Amino acid sequence: MSRRKQIYEGKAKVLFEGPEPGTIVQYFKDDATAFNNKKKGTITGKGVLNNRISEHLMIKLNDMGIPTHFIKRLNMREQLVKKVEIIPIEVVIRNIVAGSLAERLGLQEGDQLSRSIVEFFYKSDQLNDPMITEEHITAFDWASSQEMDEIVTMTLRINDFLSGLFFGAGIKLVDFKLEFGRIYSNEQVTIVLADEISPDSCRLWDLNTDEKLDKDRFRRDLGSTAEAYQEVARRLGVLPRNTNNFFDEKIN
Ligand code: UDP
């Protein structure tokens with residue numbers, strides 16, 4: 001890890017220069033934060049699990065024609081991804097009322113939405129990721145109208161696909177957050193799905209019991225957070241049966 005040039009350190013990941021131009025290595029940490037950094041902790045093994053879970057989901061999305069930044073997993077905690085210009089927006093899509101939607105509008109957590117809701121937040125820790133509309137995004141040139149059409153279309157497709165995939169694993173996909181980036185090649189701009197998809201960025205509830213299997217366990221001090229992430233990995237079929245050595249570090 002130390003041989004590589006660090007580009008950026010975020011809350012849950014570190015980015016290093018990749019082996020070839022246009023590539024980046026994403027290192028998944030066990031660190032967890034919530035409430036805009038006010039709550040900090042570690043979830044043992046989280047980085048290893050998120051690396052695997054995100055790899056699995058990105059490969060499936062690539063297979064169904066959603067362009068992503070994912071190239072390949074390198075080892076337990078690292079994956080090689082394409083370097084993108086991140087669009088400074090968090091795209092949240094919701095199927096069931098939870099979290100900030102419940103709080104802001106005084107709704108009952110757990111209520112099924114009659115249609116999925118797409119929301120946008122401006123990525124700024126300093127401003128506490130304020131909610132914005134497409135009007136702000138296009139007025140401030142964070143993305144064009146055409147890019148936003150593409151982003152929303154991709155988000156809805158991703159939601160349909162992942163909802164089905166998680167349902168098959170006995171999990172309700174309540175809501176999740178996506179980030180997108182631009183890749184420039186031959187004077188062409190392609191919008192691709194970036195960042196990660198994991199229990200850090202999704203609300204995942206057990207299909208039968210509504211037990212939370214995601215970062216809300218950490219946010220709300222519910223305990224057994226690492227076990228919940230493991231359960232998601234197991235249900236998706238990405239946790240090997242013999243987990244004795246699964247969390248051993250073997251970084252090349
Ligand atoms: N989310 C995220 N990063 C953020 C904010 C939200 O990954 O900075 C995810 C969160 O895990 C949930 C969804 O986006 O799956 C919707 O989050 P919400 O707006 O309800 O905010 P929160 O309750 O996390 O404050």
Side-chain angles (χ1 to χ4, degrees), residues 8-13 26 28-41 43 46-47 49-51 53-54 57-58 68-69 86-113 115-133 136-137 142 151-152 154-156 158-159 161-163 165-167 171-181 193-206 210-222 225-226 228-229 232 236:
Y8 173 81
E9 174 147 18
K11 292 170 211 152
K13 291 190 291 293
Q26 276 198 148
F28 288 76
K29 300 192 281 186
D30 285 349
D31 296 350
T33 64
F35 312 119
N36 198 21
N37 260 330
K38 284 187 203 86
K39 184 181 169 101
K40 288 187 173 134
I43 302 167
K46 172 173 84 80
L49 291 162
N50 282 357
N51 188 19
I53 293 169
S54 198
L57 300 176
M58 291 279 182
T68 82
H69 72 158
I86 281 285
I87 296 170
I89 296 163
E90 297 195 339
V91 181
V92 167
I93 182 153
R94 306 175 179 278
N95 301 307
I96 295 171
V97 174
S100 70
L101 176 67
E103 258 172 57
R104 221 160 35 83
L105 302 182
L107 301 173
Q108 182 66 39
E109 196 162 79
D111 283 359
Q112 183 80 40
L113 294 166
R115 49 165 288 191
S116 302
I117 297 175
V118 179
E119 296 174 346
F120 307 109
F121 297 85
Y122 178 47
K123 265 168 75 78
S124 164
D125 287 342
Q126 212 183 344
L127 300 173
N128 215 355
D129 293 351
M131 193 184 207
I132 49 172
T133 69
H136 301 92
I137 295 167
W142 293 327
I151 286 172
V152 170
M154 274 164 76
T155 300
L156 295 170
I158 293 167
N159 182 46
F161 179 78
L162 292 185
S163 292
L165 189 142
F166 278 114
F167 185 84
I171 293 170
K172 283 183 202 171
L173 180 56
V174 173
D175 58 33
F176 59 103
K177 184 263 300 180
L178 298 174
E179 293 186 28
F180 294 88
L193 178 64
D195 195 47
E196 68 177 283
I197 308 178
S198 72
D200 268 9
S201 58
C202 302
R203 281 199 171 90
L204 304 169
W205 295 356
D206 178 86
D210 279 352
E211 185 191 356
K212 296 182 198 322
L213 300 171
D214 56 59
K215 201 169 128 183
D216 271 349
R217 299 203 72 86
F218 168 78
R219 291 190 191 98
R220 303 180 189 188
D221 293 322
L222 300 176
T225 309
Y229 281 53
V232 172
L236 290 175

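Quick caveat, the model's predicted, so the values are computed rather than measured. Start at 1 and go down the list; that is how both ligands and their atoms are numbered.
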Exercise. Quick one: ring-ring contact (aromatic ring centres under 6.0 Å, His included) partners of Tyr122, sequence neighbours excluded?
Worked result: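 Listed in chain order: Trp142.
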Interfacing atoms of ligand 1 (cut-off 4.0 Å, heavy-atom, [X]):
X      : result
Val92  : 14 (O), 16 (C)
Ser100 : 18 (P), 19 (O), 20 (O), 21 (O), 23 (O)
Asp200 : 7 (O), 11 (O)

Looking only at side-chain N and O atoms, does [Y] offer a donor or acceptor that is under 3.5 Å from a partner on [X]?
X      : Y      : value
Asp125 : Asn37  : no
Ser198 : Glu196 : yes
Tyr229 : Asp200 : yes
Thr225 : Arg220 : no

Side chain, backbone, both or neither: which part of [X] has a heavy atom under 4.0 Å from ligand 1?
X      : result
Lys215 : neither
Arg219 : side chain
Ala34  : neither

Exercise. Considering only the protein, which heavy-atom contact is closest to atom 8 (O) of ligand 1, and what is its distance?
Worked result: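 For this ligand atom, the closest protein heavy atom is Glu90 OE1, 3.2 Å.
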Problem set entry | With sequence neighbours excluded, residues passing side-chain contact (heavy atoms from CB on, under 4.5 Å) with Glu211 |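 For Glu211 the side-chain contact (heavy atoms from CB on, under 4.5 Å) partners, ignoring immediate neighbours, are Asp206, Thr209, Leu213, Arg217.
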Exercise. Hey, is atom 25 (O) of ligand 1 under 4.0 Å from any protein heavy atom?
Worked result: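 False for atom 25 (O) of ligand 1.
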Exercise. Between the candidates Asp175, Ile93, Val91, Asp129, which shows the shortest non-hydrogen contact distance to atom 12 (C) of ligand 1?
Worked result: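 Shortest heavy-atom distance from atom 12 (C) of ligand 1: Asp175.
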Problem set entry | Heavy-atom proximity to atom 9 (C) of ligand 1, best of Arg220, Glu179, Arg203, Lys177 | Lys177
Exercise. Within 45° of the six-membered ring axis of Phe218 and under 6.0 Å from that ring's centre, is NZ or CZ of Lys39 located there?
Worked result: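 Satisfied, under 6.0 Å and within 45°.
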Exercise. Could a heavy atom of Glu119 be found less than 4.0 Å from some atom of ligand 1?
Worked result: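 It does not, in that no heavy atom of Glu119 comes within the 4.0 Å cut-off of ligand 1.
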For this session: Taking only Lys NZ, Arg NE, NH1 and NH2, and the carboxylate oxygens of Asp or Glu, determine whether Glu119 and Lys177 approach each other closer than 4.0 Å.
Result: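 Here Glu119 does not pair with Lys177 in a salt bridge, since their nearest N and O are not under 4.0 Å apart.
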